[in-house]
Structures are given as C-alpha cells and as structure tokens.
Amino acid sequence: MSPFVLPGDGRVDPSRPTVPGPALSTVVRRLHQAPADLVLSPGTVLDAAALVADAIDEMTGAPTAPGHQHGAAELEEIREFFAGPETAPTSANPRSRSAALTVWVLVDPAVHAAPALIRDTWTMPPLADGRPWPRSAAIARWATATITTVASTFAPVVDPSAWTATNASREEAARAILRAAGMHPAYETAVSAEARWQSVSTLIQQQVLNQLALEARRAEELAARLRSKAAGEAVTQISHV
C-alpha cells in the first residue's frame, strides 16, 4: 500500500491524532469561492500531477524538482497514482478531478500554514548528514498525502463536480479534506468532529444502508427457510393422519 493513502474512508488514525486546523467556515467558504474552472465535470482534461507540482511550489515557495529530491520523489508517486491502469488518458476520472478542488483548499494559507500540523502529523527520518528535512519537504509530503487520500476515498463516492453545489455538500467536502489533511476544525474537538463526520458522510450513510439491506436479506432468507420448514412439517403431519 502507498504510504500516502489511508484505507476505508480515511478515518482518523488513532496513532496519529488530528490536530486543530482552520475553522470549518473558512474551508466551506473557500470551496464556495472556488473558480468555475476548478469545478470540473466528467470528461474534463486535467494534468493532475502538474497541478499538484504547481501547488506544492506555491505552498513551499521553492521548486519541488530538481534540487529537491524528496519533493521530486513525492511527485513521481503522485504522477503514477493519477496514471494508474484505471485512469483514462484524459485524466477525466473523479480521482484526478478531485485534485483541482483539494489543491484549491490546501493552497489557502489558513490551511497549509498550520505549524502544529507539520510538527505533529509527520515524522520524517533525518537526512544522511543528520539534519532534519526542511519544512518545505514536510509540506510536500503532507500535501501529496492529503490529495491522494481525498482522491482515493472521497472522490469515488461523491463526484467532485458536486462538492461546491450546496451548503451540505460543501460541509461534507470540507470535512473530508480536513480529515485527510490530519486536521479537525478549529473550535471543535477531534471527537466532536468525528461524530459530525459520521452524520454528514455519504460514504458512512451508504455503509449503513448497505448493512441494513444485508440484514434485511438475511432476515428474508431466514423467514423463507422457516416457512419451508413449517410447510415440510405440515406435509409430514398430514401423511401420518
């Protein structure tokens, strides 16, 4: 598994608790203000890897390659991620289209400038000479992790073209991006943010509905077996009369 993709719906990793981020209203407003050319409809051509590279450059203030080997390695991974076998050559699938809006949120300084996030969320091995990785490398690692997590867990469930459509969809998208980024909204606790996510998440709702449907099928199968057994017993009783 890629180190940048969390399983399932990107649930909070207990070993890496979320840290306070921007207010939810800040991220919701950012999504509401997204330019129309970032809300991509199915079939739109997008070079997601180039978009991510530009975003990391903007957030770090330094080129990601060459001369920034850690950033270059991260970008190669995300290039492979978006060029996977299930991805059309036009990069028009939900996974790649989600990068446009996720990047739009991440480049907001209110999101990517949170020092607690970089300090507490990632532990990076030191360089060969013992020096720690520069902050720009930590930001690049965090950004690629966030983008790929959103793309692999949220975008396949809620198409990016719908993320900015309503207040409800903007809240869900905002919470999904913050969770993937290792943050919970300011003025909320990690626990309360998780509880709210459980109530607004389309994926969670689908899982609940799927479980209810499965239980209903099992109940019907059990009822059918009981009816069949009762009918068989009735035939046996009649035959012995």
Side-chain angles (χ1 to χ4, degrees), residues 3-34 38-39 55-56 58-59 94 98-124 135 138-209 211:
F4 306 119
V5 180
L6 297 179
D9 74 334
R11 291 184 180 87
V12 174
D13 181 352
S15 67
R16 185 176 290 163
T18 57
V19 297
L24 180 68
S25 59
T26 298
V27 184
V28 169
R29 183 168 58 251
R30 180 74 172 174
L31 285 166
H32 189 49
Q33 295 171 343
L38 293 182
V39 186
I56 292 176
E58 181 176 344
M59 286 185 280
S98 73
L101 285 172
T102 306
V103 161
W104 169 252
V105 171
L106 297 188
V107 297
D108 183 352
V111 178
H112 75 256
L117 177 67
I118 304 302
R119 183 187 68 243
D120 297 337
T121 305
W122 300 108
T123 56
M124 302 173 68
R135 179 180 172 84
I139 291 175
R141 179 181 175 125
W142 165 78
T144 52
T146 302
I147 293 164
T148 54
T149 298
V150 172
S152 60
T153 62
F154 183 58
V157 178
V158 180
D159 192 278
S161 62
W163 291 6
T164 63
T166 66
N167 288 335
S169 65
R170 287 190 289 271
E171 179 185 353
E172 182 180 5
R175 289 186 179 278
I177 293 171
L178 286 175
R179 294 172 83 255
M183 292 186 281
H184 58 265
Y187 316 115
E188 297 182 20
T189 66
V191 173
S192 65
E194 182 65 13
R196 179 60 182 168
W197 170 252
Q198 295 288 325
S199 68
V200 302
S201 170
T202 299
L203 177 57
I204 299 298
Q205 293 166 7
Q206 286 184 352
Q207 291 174 340
V208 170
L209 291 175
Q211 184 62 36

In Å and rounded to the nearest 0.5 Å, what is the [atom1] to [atom2] distance from [X] to [Y]?
{"X": "His32", "Y": "Thr166", "atom1": "NE2", "atom2": "OG1", "value": "11.0 Å"}
{"X": "Ser152", "Y": "Ile147", "atom1": "OG", "atom2": "CD1", "value": "12.0 Å"}
{"X": "Trp197", "Y": "Ser192", "atom1": "CH2", "atom2": "OG", "value": "15.0 Å"}
{"X": "Arg170", "Y": "Leu24", "atom1": "CZ", "atom2": "CG", "value": "11.5 Å"}

Q | Sequence neighbours excluded - salt bridge (Lys or Arg N to Asp or Glu O under 4.0 Å) pairs with any residue from residues 154-165 | A |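 Only Arg97-Asp159 qualify under salt bridge (Lys or Arg N to Asp or Glu O under 4.0 Å).
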
Q: Enumerate the residue pairs fulfilling salt bridge (Lys or Arg N to Asp or Glu O under 4.0 Å) with a member in residues 19-28, sequence neighbours excluded, ordered by first and then second residue.
A: none

Q: Could you tell me which residues satisfy side-chain contact (heavy atoms from CB on, under 4.5 Å) with Ala55, sequence neighbours excluded, listed by chain and number?
A: Met59, Val103, Val107

(Q) Could you work out, with side-chain contact (heavy atoms from CB on, under 4.5 Å) as the rule, every residue matching Val158, not counting sequence neighbours? (A)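 Scan of Val158 (side-chain contact (heavy atoms from CB on, under 4.5 Å), adjacent residues dropped) gives Phe154, Trp163, Glu172, Thr202.
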
Q. Considering the options Ile177, Leu106, Val150, Leu38, which one meets the side-chain contact (heavy atoms from CB on, under 4.5 Å) requirement together with Leu101?
A. Leu38

With a 4.5 Å cut-off on side-chain heavy atoms, are [Y] and [X] touching?
{"X": "Glu194", "Y": "His184", "value": "no"}
{"X": "Leu178", "Y": "Val27", "value": "yes"}
{"X": "Val111", "Y": "Met183", "value": "yes"}
{"X": "Arg175", "Y": "Ser201", "value": "no"}
{"X": "Pro94", "Y": "Pro160", "value": "yes"}

Closest non-hydrogen atom pair between [X] and [Y], with its separation:
{"X": "Val39", "Y": "Ser161", "result": "CG1-O, 3.7 Å"}
{"X": "Ala155", "Y": "Ala151", "result": "CB-O, 3.6 Å"}
{"X": "Glu171", "Y": "Val200", "result": "OE2-CG1, 4.0 Å"}
{"X": "Gly21", "Y": "Ala186", "result": "O-CB, 3.2 Å"}

(Q) Checking Leu31 against Val105 for the side chain to side chain contact (heavy atoms under 4.5 Å, CB included) test, could you report, in this order, the C-alpha distance in whole Å, the side-chain angles of both residues, the deciding distance, and whether it holds? (A) CA-CA 7 Å; Leu31 285 166; Val105 171; 3.7 Å; yes

Q: Name all pairs fulfilling the side chain to side chain donor-acceptor pair (under 3.5 Å) condition that reach into residues 101-111, sequence neighbours left out, sorted by first residue then second.
A: none

Q. Who passes salt bridge (charged side-chain N to carboxylate O under 4.0 Å, His left out) against Arg29, sequence neighbours left out?
A. none

Q: Could you tell me whether the side chain of Thr148 and the main chain of Thr144 form a donor-acceptor pair under 3.5 Å?
A: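 Yes.
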
Q) With distance as the sole criterion, is a donor-acceptor pair present between the side chains of Thr149 and Thr146 under 3.5 Å? A) no

